Amino acid sequence: MEYRRLGKSGLQVSAVSFGSWVTFGHQISDEVASTLMHQAYDAGINFFDNAEVYAHGKSEEVMGKILKQSGWPRDRFVLSSKVFWGGSHPNQAGLSRKHVVEACHAALKRLQVDYLDLYFCHRPDKNTPIEETVFTMDSLIRQGKVLYWGTSEWEAADIVEAHAVARQFNLIPPTMEQPQYNMFHRERVEREYRNLYERFGLGTTIWSPLASGLLTGKYNQGAPGGTRTDLPDMQWLKEMLTGEGAEKKIGKVIPLANLAKELGMTLPQLAIAWCLKNTKVSTVILGASKPEQLAENMKAIEFTDKLQPEILQAIEEILDNHPGFPSFG
Ligand code: NDP
């Protein structure tokens with residue numbers, strides 16, 4: 001396994017990590033969840049991603065039980081949660097001091113740990129002053145309940161503001177962002193955040209490297225069944241992956257799959273290796289509902305060397321991007 005520093009922080013995360021959205025406590029049984037966690041850990045994955053909203057807290061409960069039963073030393077894994085969508089009542093959501101503190105306590109309980117390594121503000125909250133959130137995250141860190149805090153899908157300007165508040169009041173600034181990043185969704189990581197890497201040493205834990213399955217090719221002829229899009233609460237995703245908007249992307253998936261084949265890898269491996277080529281990516285969070293998927297995806301690390309400049313250029317041509325992409329470096 002390759003390990004990368006989370007931005008300029010001293011923390012090392014495995015280049016690929018494992019997340020539980022849709023799957024844990026929902027799509028898959030607890031036994032399969034346990035098999036996947038062990039498979040990941042045994043391969044050297046040290047970062048496991050979770051959130052209060054995943055399966056309404058059940059995802060954290062399942063992961064907490066697996067961690068407890070595993071007996072893995074606490075210094076061998078990095079665990080996250082995210083706060084924002086806790087419930088539908090006032091004060092059960094957002095980034096107010098009350099919700100952030102209560103959500104943190106609830107996550108610690110469900111995950112059965114004394115502290116979270118990473119704690120993310122899952123979305124920006126326009127109804128809470130950034131000062132309130134930065135002060136709260138700083139105090140959770142000083143209490144030892146959180147080690148590093150970060151954001152997810154925040155605009156660059158809001159991250160800059162959080163740093164300004166931290167500097168003004170001598171508080172601990174955010175360390176990392178969790179943005180979507182894949183061949184079809186790159187603007188934020190490659191352009192919007194480009195000044196933040198040098199300026200703040202921002203780390204990134206990127207999500208949906210396979211665009212939720214589109215970059216596996218299995219949605220080329222509509223939804224195949226046996227996937228996350230079967231779930232009643234995921235019909236919005238089914239529409240995104242198979243509806244009109246997906247057609248143009250599927251037209252690119254086919255040549256990408258051919259290129260992957262020529263290179264001796266699968267399309268998911270090409271898509272994940274491509275994310276890993278971006279040095280601003282600290283870790284690529286993998287999702288999997290089956291051990292075969294996880295095994296295939298983890299192998300992507302071995303293929304990054306095959307993505308030489310001419311191959312990256314061929315990918316750009318298939319993706320038909322504006323000149324200037326990619327901005328890897
Ligand atoms: P991906 O885009 O990689 O999608 C993973 C899903 O694709 C799997 O669960 C599986 O779904 C399918 N799949 C995976 N590998 C293969 C394969 N080799 N062949 C065929 N199908 C495959 O990632 P996710 O969207 O799951 O996101 C990963 C993690 O990122 C999440 O678990 C979560 O931790 C984090 N995340 C964070 C968000 C945020 O807002 N901060 C938002 C979303 C995710 P299926 O069962 O359908 O086959």
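The shown structure was predicted, so the numbers you read here are calculated from the model rather than taken from an experiment.
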Examine [X] and [Y] and state if one hydrophobic cluster contains both, with Ile, Leu, Val, Met, Phe, Trp and Tyr joined whenever side-chain heavy atoms are less than 4.5 Å apart.
X	Y	answer
Trp85	Phe120	no
Phe47	Leu147	yes
Val146	Ile130	yes
Leu231	Met240	yes
Val281	Val13	no

Working to the nearest 0.5 Å, report the span between [atom1] of [X] and [atom2] of [Y].
X	Y	atom1	atom2	result
Asn258	Leu263	CG	CG	11.0 Å
Ile272	Leu215	CD1	CG	9.5 Å
Phe135	Arg97	CZ	CZ	8.0 Å
Met63	Phe18	CE	CZ	7.0 Å
Glu61	Lys109	CD	NZ	10.5 Å
Leu312	Glu316	CG	CD	7.5 Å

For [X] versus [Y], what's the shortest heavy-atom pair and its separation?
X	Y	answer
Thr227	Pro224	CG2-CG, 3.7 Å
Ala166	Ile172	CB-C, 4.2 Å
Ser9	Thr175	CB-CG2, 3.8 Å
Asn182	Cys275	CA-SG, 4.2 Å
Pro179	Thr204	CD-CB, 4.3 Å
Thr229	Ala223	OG1-CB, 3.9 Å

With distance as the sole test, does [X] use its side chain to make a donor-acceptor pair with the main-chain N or O of [Y] at under 3.5 Å?
X	Y	result
Glu153	Gln180	yes
Glu247	Gly243	no
Ser34	Asp30	no
Glu302	Lys299	no
Glu131	Val165	no
Gln39	Pro291	yes
Thr35	Glu31	yes
Glu52	Phe84	yes
Gln92	Gly86	no

Contact check, side chains of [X] and [Y], non-hydrogen atoms, under 4.5 Å:
X	Y	value
Leu270	Met183	yes
Ser212	Arg228	yes
Val160	Phe200	yes
Met1	Ile45	yes
Leu116	Leu111	yes
Val62	Met37	no
Leu307	Met265	yes
Leu276	Val16	yes

Mind running salt bridge (charged side-chain N to carboxylate O under 4.0 Å, His left out) on Asp117 and Arg74 for me, showing each step along the way? CA-CA 10 Å; Asp117 299 276; Arg74 186 64 185 87; 2.7 Å; yes
Heavy atoms of other groups near [X] [atom1], more than 12 under 6.0 Å:
X	atom1	value
His56	NE2	no
Lys8	NZ	no
Glu310	CD	yes
Lys252	NZ	yes

Can you classify the ring geometry of Phe77 versus Trp72 as parallel (below 30°), tilted (30 to 60°) or perpendicular (above 60°)? perpendicular
Apply side-chain hydrogen bond (donor to acceptor under 3.5 Å, both in side chains) to the pair Ser59 and Asn50, showing each step before the final yes or no. CA-CA 7 Å; Ser59 167; Asn50 220 317; 2.8 Å; yes
Worked check of side chain to side chain contact (heavy atoms under 4.5 Å, CB included) between Ile206 and Asn278: CA-CA 11 Å; Ile206 65 110; Asn278 187 336; over 6 Å; no
Should Trp149 and Val134 be marked as a side chain to side chain contact (heavy atoms under 4.5 Å, CB included) after you check the CA-CA gap, both sets of side-chain angles, and the distance that decides it? CA-CA 9 Å; Trp149 78 275; Val134 178; 4.0 Å; yes
Closer than 4.0 angstrom, basic N to acidic O: yes or no for Arg123 and Asp158?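 Salt bridge between Arg123 and Asp158, a charged N being under 4.0 Å from a carboxylate O: no.
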Presence of salt bridge, Glu192 and Lys280, under 4.0 angstrom: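 No salt bridge links Lys280 with Glu192.
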Taking it one step at a time, do Tyr119 and Val100 satisfy side chain to side chain contact (heavy atoms under 4.5 Å, CB included)? CA-CA 10 Å; Tyr119 200 32; Val100 172; 4.1 Å; yes
Between [X] and [Y], is any side-chain donor less than 3.5 angstrom from a side-chain acceptor?
X	Y	result
His99	Asp125	no
Gln313	Glu317	yes
Glu177	Thr151	yes

Applying the side-chain contact (heavy atoms from CB on, under 4.5 Å) criterion to Phe48, which one of Ile285, Leu79, Val78, Leu118 satisfies it? Leu79
Ile159 and its side-chain contact (heavy atoms from CB on, under 4.5 Å) partner, picked from Glu155, His163, Glu161: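 It is His163; the other options fail the test.
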Report the residue from Ser17, Ser80, Ser20 that forms a side chain to side chain donor-acceptor pair (under 3.5 Å) with Asp49.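 Going through the options one by one, the only one that passes is Ser80.
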List the steps and the verdict of side chain to side chain contact (heavy atoms under 4.5 Å, CB included) for Gln112 and Lys65. CA-CA 7 Å; Gln112 303 189 50; Lys65 263 188 220 150; 4.0 Å; yes
